[in-house]
Number of protein chains: 4
Amino acid sequence: MKKDSAEQHEIEQWMEELLAIGGDKQMTPKQISILEAAVEIFSDKGFSAASTSEIAQKAGVAEGTIFRYYKTKKDLLLSIVGPTMSRMIAPFVMRNFNGVLDMPFESYEAFLRAFILNRLEFARNNFKIIRILIQEIPFQPILRKHFSENILNQVLERVTAITEHFKAKGEIIEAPTPAIIRFTVSSVIGYLVTRLLLMPEKDWNDEEEINLILSFMLHGIGGPGQQAEQ
Amino acid sequence: MKKDSAEQHEIEQWMEELLAIGGDKQMTPKQISILEAAVEIFSDKGFSAASTSEIAQKAGVAEGTIFRYYKTKKDLLLSIVGPTMSRMIAPFVMRNFNGVLDMPFESYEAFLRAFILNRLEFARNNFKIIRILIQEIPFQPILRKHFSENILNQVLERVTAITEHFKAKGEIIEAPTPAIIRFTVSSVIGYLVTRLLLMPEKDWNDEEEINLILSFMLHGIGGPGQQAEQ
Amino acid sequence: MKKDSAEQHEIEQWMEELLAIGGDKQMTPKQISILEAAVEIFSDKGFSAASTSEIAQKAGVAEGTIFRYYKTKKDLLLSIVGPTMSRMIAPFVMRNFNGVLDMPFESYEAFLRAFILNRLEFARNNFKIIRILIQEIPFQPILRKHFSENILNQVLERVTAITEHFKAKGEIIEAPTPAIIRFTVSSVIGYLVTRLLLMPEKDWNDEEEINLILSFMLHGIGGPGQQAEQ
Amino acid sequence: MKKDSAEQHEIEQWMEELLAIGGDKQMTPKQISILEAAVEIFSDKGFSAASTSEIAQKAGVAEGTIFRYYKTKKDLLLSIVGPTMSRMIAPFVMRNFNGVLDMPFESYEAFLRAFILNRLEFARNNFKIIRILIQEIPFQPILRKHFSENILNQVLERVTAITEHFKAKGEIIEAPTPAIIRFTVSSVIGYLVTRLLLMPEKDWNDEEEINLILSFMLHGIGGPGQQAEQ
DNA sequence: CATGAATGAGAATTCATTCAT
DNA sequence: TATGAATGAATTCTCATTCAT
């Protein structure tokens, strides 16, 4: 549809703007293959169980070469998950001039739909790195700190603004914002996890599934016969 | 091949573990302190980064003693997460005599409420072990296999039955059961994760929060002003 | 001679008292052979150029065994040179009750003679360790600190007292004590170095040489024809 | 055998170095800064613990550049200490035409005074290199060999001649020349070491100290009350 | 049962040296 | 001539596991 494609374009612009992170600038082929091998192996065995010698072998370089680019094994890890961590939250880090939410969506539903699709695409493209990130956050204090201070807080702040924007417009019920956010985010992440991690091989119809989720979120799953409780 | 026989060994051990559910039978004090120390350290640093000598030290036993009880470090891990894994799904593994759902709840809401409270309690009591379990499932093929074959499938089957039970009673809308389950489970797990992992220090009013979640699930978060879409 | 042997005995007692350092208590045979091998190799190649694998090989133990006893290679070094460093200055660390010098020697010459012989013996028995010590003091801040704070200062203080004791008795000329000490110590160490390090294979007559040194020190090497200067 | 040919190479290089005494001929600025950096770092950490990459960095050149000028790290060391080693003994390598000692000093005292001042100056100017030299002589066979064969012997021979010259003139007592030399050299080196190494920060009055040393050497430190021994 | 000394395979990391540019 | 990326052997150190006591 015209509208959709125009909207899509706007969203893409709106999102890509903030993605100018690092830019993978001037990496040698060796460095690239080191990174690729590291992503593969960290993702397969976890950071601790991965060995630099295995990474070197898979990357087709000498073990010493890894340490020319990354001082330590942990540096290698951080250089992999760091940028992706930032890009994960790119859509949330938008400018918000003079108190006005720069929100190019007509409805909450449209916003969520676009958002889910966009992050699904991102998660698909960065699947392994995100896996590494999630696995290692509990064990790498530096990641945990960065995650809670930068990521979590920024996202929460932004999402709160968005939610209240739509609450003000009457599209969302009057209920505690944190609970609404948790509910929404859980539903979205629940889908992403099932889709990509638990049952990746299933033949998914994303559009349909997202419609269902949105419908559940907005109208609930309560049927006509549900008991009047409390 | 060596690998096969090793794997065979793993499986045998594993099966024995599963039979020991709830048992903790005839454990010496040393064995108990080994397990406690192992839980602590596996949970803190992850399986690979934990060292048996540190566990021994924390448990107050000699290094060799661990290997009297558990042939390998991995055996120690499995003996910890195995039983808990089974107990995680205990509520789902109820008898279901002669095709009749033995479901002692009047409403879906009552069922969910009871269920969430029950699993919240369980998760609180087994927090560290569950963390270990979640961390290690991706890296321990034997765990992954058991999880997907036994846990996931059993739970899914059971949850499907329950869901359809309430669907038949009109308490849940007519929509694809898998999507409903995903939606429900996501909401519940989302709460548990936030409650126990992301913001454990916050002062939670569980009853209230659960009421909100149930309300969201059943009636949605759509407000009066929401646009008619589709 | 009777006198000499009695004196000798007194001196030995006087010196051994303070040597109760550590005592090489309960070392396993493996630990002993590790230490022996380490002394040998550190002495031959220097600390940095010595490899733990070579030490392990020479000691006849696995490389890991070294690290059971000594956390790091540097620990191994310190555990070797530390005690010897203390024993080097043992003769200087005598009790000095109520301001009275406990000095069981009739003359300065007798004192010096006994002292030189005693330290020559000590240096001969601890030759390699002393070599390591001297080599590594410039590069190991911890050694340097200990040396300057504990060793040098203690010895200087004590030697100053001794020197002034004999100066008061008129056996030593009135001249700045530091210069006298430097002169004396240089002569002694110069002999030890030549004797043990530069020309160890020469057939030395220690008694005669020491007599010469003492004579030089006390009466100088100026001949009858020396010019009246200044 | 490999070792032999390597040794052969060492020796050849070494000889070339020796010929370059005082030369510093046609050194590029890069080469000079390499040498300066190497002196600094070898002196600070010792030869083995110094890394060529650190030297390159301090010198402001690429790692590879060092190896354009010096085949190996050891070559670099030798090219530093070699010339200085030779210059250390320069005053002893004087022409000695037709058996006549070309000794332009009236008295032994005047000679020693001039000599000490001269070598003190030299040592001050070449402090770091001399430190390296002394540190490395025990570990570099080639240095040790050269030192004992060329330096030590030449110096000894020359010093013996000088000493006997003054003995003949009656300025030095009749005593075994080696002992006299040892005594003299010890006193001088003892002063240099204290002056430059042990207490460099002290405010020294060199002239006065040297006078004291000379006085001690020539007349001894024995006071009027010294016991007549033997 | 329990110990803990001993092992040796392998881990991360360093570094002198080479070589294509 | 100078560079610096690349190497791979060597180094320090860790750790699961064994076994004699």
Side-chain angles (χ1 to χ4, degrees), chain A residues 27-31 34 47-57 59-76, chain B residues 28-31 34 47-57 59-77, chain C residues 27-31 34 47-57 59-76, chain D residues 28-31 34 47-57 59-77:
Chain A
M27 290 210 296
T28 69
K30 299 242 172 205
Q31 191 171 5
I34 288 171
F47 174 73
S48 281
S51 86
T52 52
S53 84
E54 194 181 355
I55 293 170
Q57 195 175 357
V61 303
E63 203 168 353
T65 305
I66 292 178
F67 293 91
R68 282 195 69 73
Y69 291 106
Y70 307 96
K71 262 158 88 83
T72 65
K73 189 184 162 194
K74 195 178 286 184
D75 269 9
L76 177 54
Chain B
T28 69
K30 296 228 178 229
Q31 191 170 6
I34 288 171
F47 174 72
S48 281
S51 83
T52 51
S53 85
E54 196 183 353
I55 292 170
Q57 196 178 353
V61 304
E63 288 207 52
T65 306
I66 291 177
F67 293 90
R68 299 226 136 256
Y69 291 105
Y70 308 96
K71 245 205 234 302
T72 66
K73 189 185 163 193
K74 196 180 283 183
D75 274 3
L76 176 55
L77 171 70
Chain C
M27 288 210 297
T28 69
K30 299 240 173 209
Q31 191 172 6
I34 288 170
F47 174 73
S48 281
S51 85
T52 51
S53 84
E54 195 182 354
I55 292 170
Q57 195 176 356
V61 303
E63 203 167 352
T65 305
I66 292 177
F67 293 92
R68 283 196 69 73
Y69 290 105
Y70 308 96
K71 261 156 89 82
T72 64
K73 189 185 162 193
K74 195 178 285 184
D75 269 8
L76 176 54
Chain D
T28 69
K30 299 227 177 229
Q31 191 171 6
I34 288 171
F47 174 73
S48 281
S51 83
T52 51
S53 83
E54 195 182 355
I55 293 170
Q57 195 178 355
V61 303
E63 288 206 52
T65 306
I66 291 177
F67 294 90
R68 298 228 135 256
Y69 291 106
Y70 309 97
K71 247 206 235 302
T72 66
K73 189 185 165 193
K74 196 180 282 184
D75 272 4
L76 176 55
L77 171 70

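By convention in this document, chain letters (A, B, ...) are assigned in the order of the sequence lines, proteins followed by strands, and residues within each chain are numbered from 1.
Relative to the side chain of A:T65, the nucleotides E:dT3, F:dT12, F:dA6 differ in distance, and F:dA6 lies closest. If you check F:dT14, E:dA12, F:dA2 against the side chain of D:K30, the one that comes closest is F:dA2. The side chain of D:V61 lies closest to F:dT3 when the candidates are F:dT14, F:dT3, E:dA12. For A:S51, the listed nucleotide lying nearest its side chain is E:dA12; candidates were E:dA12, F:dC15, F:dT12.
Straight-line distance between the C1' atoms of E:dC1 and F:dT21: roughly 13 Å, to the nearest whole Å.
Residues B:T28 and D:S48 each lie close to DNA chain E; by heavy-atom proximity, the contact nearer the 5' end of the strand is made by B:T28. Both D:G64 and A:G60 sit near DNA chain F, but only D:G64 has its closest nucleotide nearer the 5' end.
Here the CG atom belonging to A:L76 is positioned 8.0 Å from the CZ atom belonging to A:F47, to the nearest 0.5 angstrom. In this structure, the separation between CD on D:Q57 and OG on D:S51 is 8.5 Å, given to the nearest 0.5 Å. From A:T52, atom OG1 reaches atom OH of A:Y70 across 14.0 Å, with rounding to the nearest 0.5 Å. Considering CD1 of B:I34 and CZ of B:R68, their distance stands at 11.0 Å, rounded to 0.5 Å. Once rounded to the nearest 0.5 Å, the distance linking CD of A:E63 with CD of A:E54 reads 11.0 Å. Rounded to the nearest 0.5 Å, atoms OG1 (A:T72) and NZ (A:K74) are 7.5 Å apart.
The nearest whole Å value for the distance from the CD atom in B:E54 to the P atom in F:dT17 is 16 Å. For the pair D:Y69 OH and F:dT3 P, the computed distance is 9 Å after rounding to whole Å. Here the C1' atom of nucleotide F:dT14 and the CD atom of B:E63 are 11 Å apart, to the nearest Å. Regarding C:I55, its CD1 atom lies at a distance of 17 Å from the P atom of F:dA10, rounded to whole Å. The distance between atom CZ of C:F67 and atom C1' of E:dT7, rounded to the nearest whole Å, is 14 Å. Between B:D75 atom CG and F:dT18 atom P the separation is 11 Å, expressed in whole Å. If you take NZ of B:K73 and P of F:dA16, they are 4 Å apart, rounded to a whole angstrom. Between the CD1 atom of D:I66 and the P atom of E:dC15 there is a distance of 13 Å, given to the nearest Å.
By the 4.5 Å heavy-atom criterion applied to side chains, A:Y69 and A:M27 are not counted as neighbours.
Using a 4.0 Å heavy-atom cutoff across all strands shown, B:A50 reaches sugar-phosphate atoms only and no base atom. Contact annotation for C:T72: backbone-only contact, meaning every heavy-atom pair under 4.0 Å involves sugar-phosphate atoms and none involves a base.
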**Asked** Using Watson-Crick and G-U wobble pairs with both distances under 3.5 Å, what is the 5'-to-3' dot-bracket string of DNA chain F, with [ ] for crossing pairs and | for pairs outside the strand?
**Response** .||||||||||||||||||||
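OP1 or OP2 of F:dT12 has at least one side-chain nitrogen or oxygen of C:T52 nearer than 4.0 Å. Distances shorter than 4.0 Å separate some side-chain N or O of C:R68 from OP1 or OP2 on E:dA5. Taking 4.0 angstrom as the limit, A:K74 places none of its side-chain polar atoms (N or O) nearer than this to OP1 or OP2 of E:dA12.
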